[in-house]
Chemist: 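Before I ask anything, let me first share the structure, which is written out below as structure tokens.
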Amino acid sequence: MTTRTLFDLAFALAAPFWALLILAPGWRWTDRIAASPLPMVPVIAVYLALAVPVFPQLWAAVSHPGLAGFQELLRLGGGAGAIWAQVIAWDLFLGQWMYREARELGIHPLVMGPLLVLTVLLSPIGVLLFLAIRAGFRRRARTSDTTPPHTTEDRRLSTP
């Protein structure tokens, strides 16, 4: 396979899983798939296919980080492709985590859908917004947990 084909394949392998997270959040299979690390495996395989041929340059760039080293790595088709596949795999990992957290906290899918799309496109911004929303939901959950529920029996005991 050519570098260009592998580059294109990285996102194509992740896209169906993103579609499930965004478009089918209530489907039980989506929950199962989001809980599994397996969706990332094909993208990681593409990463390896791109990274192994340029491993010396990749290792040089990551073991002694510097702008010039990364610029050199990105000039190589396999280097740019490897970085792209790594980003795709990482974004999918983040998306799956965000999906599971949102389900647990009860964040509505209409809120999560756009956040997940933003995470696919610009993950730092999507994740940052999600963390802010998540903090608000957690704060609200803590507040409601510390407020004791008033039962009918409580009201009867408090009246003279």
Side-chain angles (χ1 to χ4, degrees), residues 1-55 57-59 61-63 65 70 73-74 76-149 151:
M1 266 191 208
T2 67
T3 300
R4 179 182 206 95
T5 302
L6 288 168
F7 181 92
D8 294 339
L9 188 59
F11 185 74
L13 290 169
F17 300 108
W18 279 107
L20 284 176
L21 298 175
I22 295 165
L23 302 173
W27 191 38
R28 68 183 174 100
W29 280 100
T30 303
D31 289 340
R32 287 179 143 169
I33 290 166
S36 171
L38 293 179
M40 290 176 285
V41 171
V43 181
I44 293 170
V46 169
Y47 165 79
L48 290 172
L50 289 162
V52 167
V54 296
F55 189 76
Q57 296 90 340
L58 177 63
W59 182 252
V62 298
S63 63
F70 275 96
L73 177 63
L74 292 175
L76 304 172
I83 297 298
W84 176 248
Q86 181 176 332
V87 167
I88 296 298
W90 180 247
D91 286 354
L92 185 55
F93 175 77
L94 287 171
Q96 288 178 267
W97 171 76
M98 290 168 56
Y99 171 89
R100 291 190 318 272
E101 284 284 304
R103 298 284 287 172
E104 186 177 307
L105 291 170
I107 301 173
H108 199 279
L110 291 176
V111 172
M112 283 310 298
L115 276 175
L116 289 169
V117 169
L118 188 57
T119 302
V120 170
L121 301 174
L122 299 167
S123 60
I125 297 170
V127 171
L128 187 61
L129 288 173
F130 174 73
L131 290 174
I133 291 168
R134 177 178 167 242
F137 269 79
R138 283 187 160 178
R139 192 173 314 112
R140 190 175 74 176
R142 275 193 308 270
T143 303
S144 65
D145 285 347
T146 58
T147 306
T151 63

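Remember, predicted model here, so these are calculated numbers, not experimental data. Computed over heavy atoms, backbone and side chain alike; hydrogens, waters and symmetry mates excluded.
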Chemist: Which heavy-atom pair separates Ala89 from Ile44 by the least distance, and what is that distance?
Modeler: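 Distance-wise, the nearest heavy atoms are CB-CG1, 4.1 Å.
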Chemist: Would you mind reporting whether Phe70 and Val62 have side-chain heavy atoms less than 4.5 Å apart?
Modeler: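 Contact flag for Val62/Phe70 side chains = yes.
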Chemist: Which word best sums up how the rings of Trp29 and Trp27 line up, parallel for under 30°, tilted for 30 to 60°, or perpendicular for over 60°?
Modeler: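 If you compare the ring of Trp29 with that of Trp27, the planes turn out tilted.
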Chemist: Shortest non-hydrogen contact from Asp91 to Thr119?
Modeler: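 Smallest heavy-atom distance, with atoms named: OD2-O, 3.9 Å.
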Chemist: Does atom CH2 of Trp18 have more than 12 heavy-atom neighbours, drawn from other residues, nucleotides or ligands, at distances under 6.0 Å?
Modeler: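 Yes, enclosed.
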Chemist: Nearest heavy-atom pair of Gly78 and Thr3: which atoms, and what distance?
Modeler: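 Gly78 and Thr3 have their closest heavy atoms at N-CG2, 3.6 Å.
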Chemist: Do Gln96 side-chain atoms and Ser36 backbone N/O form a donor-acceptor pair below 3.5 Å?
Modeler: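 Yes; judged by distance alone, with no hydrogens or angles, the pair exists.
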Chemist: Working to the nearest 0.5 Å, report the span between CG of Leu9 and CZ of Arg4.
Modeler: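 CZ of Arg4 is found 13.5 Å from CG of Leu9.
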Chemist: Can you tell me how far CE of Met112 sits from CD of Glu101, rounded to the nearest 0.5 angstrom?
Modeler: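 It is 9.5 Å, given to the nearest 0.5 Å.
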Chemist: How long is the gap from CD1 on Ile133 to CG on Leu115, to the nearest 0.5 Å?
Modeler: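 Answer rounded to 0.5 Å: 4.5 Å.
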Chemist: Quick check for you: to the nearest 0.5 Å, what is the distance between Ile83 atom CD1 and Leu58 atom CG?
Modeler: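 Rounded to the nearest 0.5 Å, the CD1-CG separation comes out at 6.0 Å.
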Chemist: Could you tell me whether the side chain of Thr30 and the main chain of Ala24 form a donor-acceptor pair under 3.5 Å?
Modeler: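 Yes: the side chain of Thr30 pairs with the backbone of Ala24.
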Chemist: Would Val117 and Leu121 satisfy side chain to side chain contact (heavy atoms under 4.5 Å, CB included), going step by step from the backbone distance to the final call?
Modeler: CA-CA 6 Å; Val117 169; Leu121 301 174; 4.1 Å; yes
Chemist: Over all heavy atoms of both residues, which pair between Ala49 and Leu6 is shortest? Give the atoms and the distance, please.
Modeler: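 The pair with the smallest heavy-atom distance is CB-CD1, 3.9 Å.
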Chemist: How far does CZ of Phe17 sit from CG of Leu21, to the nearest 0.5 angstrom?
Modeler: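 The CG atom of Leu21 is 9.5 Å from CZ of Phe17, to the nearest 0.5 Å.
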Chemist: Report the residues that fulfil side chain to side chain contact (heavy atoms under 4.5 Å, CB included) with Arg103, sequence neighbours left out, ordered by chain and then residue number.
Modeler: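 Arg103 satisfies side chain to side chain contact (heavy atoms under 4.5 Å, CB included) with Asp31, Tyr99 only.
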Chemist: Which pairs, with at least one residue in residues 104-144 and sequence neighbours excluded, count as a ring pair (Phe, Tyr, Trp, His ring centres under 6.0 Å)?
Modeler: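 Output for this query lists Trp97-Phe130.
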Chemist: How close do Leu50 and Val54 get, counting heavy atoms only, and between which atoms?
Modeler: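 Shortest heavy-atom contact: O-CG2, 3.5 Å.
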Chemist: Between Ala10 and Val43, which heavy-atom pair has the shortest distance, and what is it?
Modeler: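 Shortest heavy-atom contact: O-CG2, 3.7 Å.
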Chemist: To the nearest 0.5 Å, what is the distance between CZ (Arg140) and CG (Leu105)?
Modeler: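 It is 9.5 Å, given to the nearest 0.5 Å.
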Chemist: Using a 6.0 Å cut-off, check whether atom CZ of Phe93 has over 12 heavy atoms from anything other than its own residue.
Modeler: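 Counting neighbours around CZ of Phe93, 12 or fewer heavy atoms of other residues, nucleotides or ligands fall under 6.0 Å, so no.
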